[in-house]
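Data first, discussion second: the structure below is written as structure tokens.
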Amino acid sequence: QVQLVESGGGLVQAGGSLRLSCAASGRTFTRFDMGWFRQVPGKEREFVAGITRSTGSTRYADSVKGRFTISRDNAKNTVYLQMNSLKPEDTAIYYCACSLSTVVSVNLIDYWGQGTQVTVSS
């Protein structure tokens, strides 16, 4: 069992920045690929960014490329999402996720965090 706890969400003006953190319980953090998803009411949860457990390779949704950066600190069992140049359309609940396979699809996620709200005002 893995527990994921997000923090760092909040309200920010367009063009601003936020840094999300996700702390994982247990000593199995390095077994998992880690990722971030987001969801707005009435829409499906969508992939935002992912980072592999082995090489630390990263992958991003086209909508956030060049603005968001995912990273992980294996010593702290923590994954981060640095969000810059935020836009109102980035407003959503952001979820941390982990997978023993890959995090690019919601169907392959093994564990989810509880979510943290990000609101970007225009």
Side-chain angles (χ1 to χ4, degrees):
Q1 186 76 10
V2 175
Q3 289 188 326
L4 304 174
V5 179
E6 301 100 334
S7 60
L11 173 64
V12 64
Q13 288 187 333
S17 299
L18 282 175
R19 188 194 195 201
L20 304 183
S21 299
C22 171
S25 66
R27 294 179 288 183
T28 60
F29 183 73
T30 54
R31 295 178 59 197
F32 294 92
D33 281 12
M34 301 297 298
W36 292 92
F37 288 73
R38 66 187 182 186
Q39 189 171 24
V40 297
K43 291 191 175 182
E44 294 184 350
R45 194 168 295 188
E46 64 174 5
F47 171 79
V48 174
I51 186 166
T52 64
R53 57 190 172 274
S54 53
T55 63
S57 297
T58 58
R59 184 169 178 173
Y60 298 93
D62 288 343
S63 58
V64 306
K65 280 182 182 177
R67 300 188 297 121
F68 290 11
T69 302
I70 187 171
S71 61
R72 64 189 294 163
D73 185 335
N74 290 337
K76 295 182 178 180
N77 283 9
T78 301
V79 62
Y80 304 96
L81 185 68
Q82 178 67 44
M83 305 185 294
N84 298 329
S85 302
L86 282 161
K87 304 175 181 180
E89 50 263 45
D90 294 318
T91 296
I93 299 174
Y94 283 71
Y95 296 90
C96 179
C98 65
S99 173
L100 289 171
S101 56
T102 177
V103 296
V104 298
S105 168
V106 294
N107 297 318
L108 298 175
I109 298 302
D110 294 295
Y111 298 99
W112 293 98
Q114 83 286 354
T116 185
Q117 176 72 45
V118 171
T119 303
V120 184
S121 63
S122 57

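Just so you know, these numbers use all the heavy atoms, side chains as well, and skip hydrogens, waters and symmetry mates.
Sorted by first and then second residue, the salt bridge (Lys or Arg N to Asp or Glu O under 4.0 Å) pairs with a member in residues 68-87 form an empty list; sequence neighbours excluded. Sorted by first and then second residue, the ring pair (Phe, Tyr, Trp, His ring centres under 6.0 Å) pairs involving residues 38-59 (not counting sequence neighbours) are Phe37-Phe47. Among residues at least two apart or in separate chains, there is no ring pair (Phe, Tyr, Trp, His ring centres under 6.0 Å) pair with a member in residues 58-83. Counting only residues at least two apart or on different chains, the side chain to side chain donor-acceptor pair (under 3.5 Å) pairs with a member in residues 40-50 are Arg38-Glu46, Gln39-Arg45.
Listed by chain and number, the residues in a salt bridge (Lys or Arg N to Asp or Glu O under 4.0 Å) with Arg53 are Asp33 (sequence neighbours excluded). Applying the side-chain contact (heavy atoms from CB on, under 4.5 Å) rule to Leu108 yields the partners Ser99, Ser101, Thr102, Ser105; only residues at least two apart in sequence or on another chain are considered. With sequence neighbours excluded, no residue forms a salt bridge (Lys or Arg N to Asp or Glu O under 4.0 Å) with Glu89. Taking the disulfide bond (SG atoms under 2.5 Å apart) definition, one finds that Cys22 meets it with Cys96, sequence neighbours left out. Every residue two or more places apart in sequence or in another chain that forms a side-chain contact (heavy atoms from CB on, under 4.5 Å) with Ser7 is listed here: Ser21. Shown here are the salt bridge (Lys or Arg N to Asp or Glu O under 4.0 Å) partners of Arg67, two or more places apart in sequence or in another chain: Asp90. Residues satisfying the side-chain contact (heavy atoms from CB on, under 4.5 Å) test with Thr55, not counting sequence neighbours, are Thr52, Ser57.
Transitive grouping of hydrophobic side chains (ILVMFWY, heavy atoms separated by less than 4.5 Å) brings Tyr111 and Leu81 into a common cluster. Following chains of ILVMFWY side-chain contacts shorter than 4.5 Å, one can reach Tyr94 starting from Val64, so the two form part of one hydrophobic cluster. Ile93 and Val106 end up in the same hydrophobic cluster when Ile, Leu, Val, Met, Phe, Trp and Tyr side chains are linked at under 4.5 Å.
Expressed to the nearest 0.5 Å, how far CG of Leu20 lies from CH2 of Trp36 amounts to 4.5 Å. Atoms OG1 and CZ, on Thr30 and Phe32 in that order, are 9.5 Å from each other to the nearest 0.5 Å. Taking CE of Met83 as the start and OG1 of Thr69 as the end, the distance is 11.0 Å to the nearest 0.5 Å. For the atom pair CG (Leu100) and CG (Asp110), the distance works out to 4.5 Å, reported to the nearest 0.5 Å. Expressed to the nearest 0.5 Å, how far SG of Cys98 lies from CZ of Arg31 amounts to 10.0 Å.
In this structure, Val79 and Ile70 have side chains that are in contact, with non-hydrogen atoms separated by less than 4.5 Å. Within the 4.5 Å cutoff, side-chain heavy atoms of Leu18 are placed close to those of Leu86.
Considering every non-hydrogen atom in both Asn84 and Ser17, the closest pair reads OD1-OG, 2.9 Å. Nearest heavy atoms, Asn77 versus Phe29: OD1-CB, 3.4 Å.
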Please report, to 0.1 Å, the donor-acceptor pairs under 3.5 Å made by any side chain of residues 112-122, with sequence neighbours excluded.
from, atom 1, to, atom 2, distance (Å)
Gln114, NE2, Glu6, OE1, 3.3
Thr116, OG1, Gly9, N, 3.4
Gln117, NE2, Ala92, O, 3.4
Gln117, NE2, Thr119, OG1, 3.3

Discussion item. Could you walk me through whether Val103 and Arg59 satisfy the side-chain contact (heavy atoms from CB on, under 4.5 Å) test, starting with their C-alpha distance in whole Å, then the side-chain angles of each, then the deciding distance to 0.1 Å, before giving a yes or no?
Written reply: CA-CA 10 Å; Val103 296; Arg59 184 169 178 173; over 6 Å; no
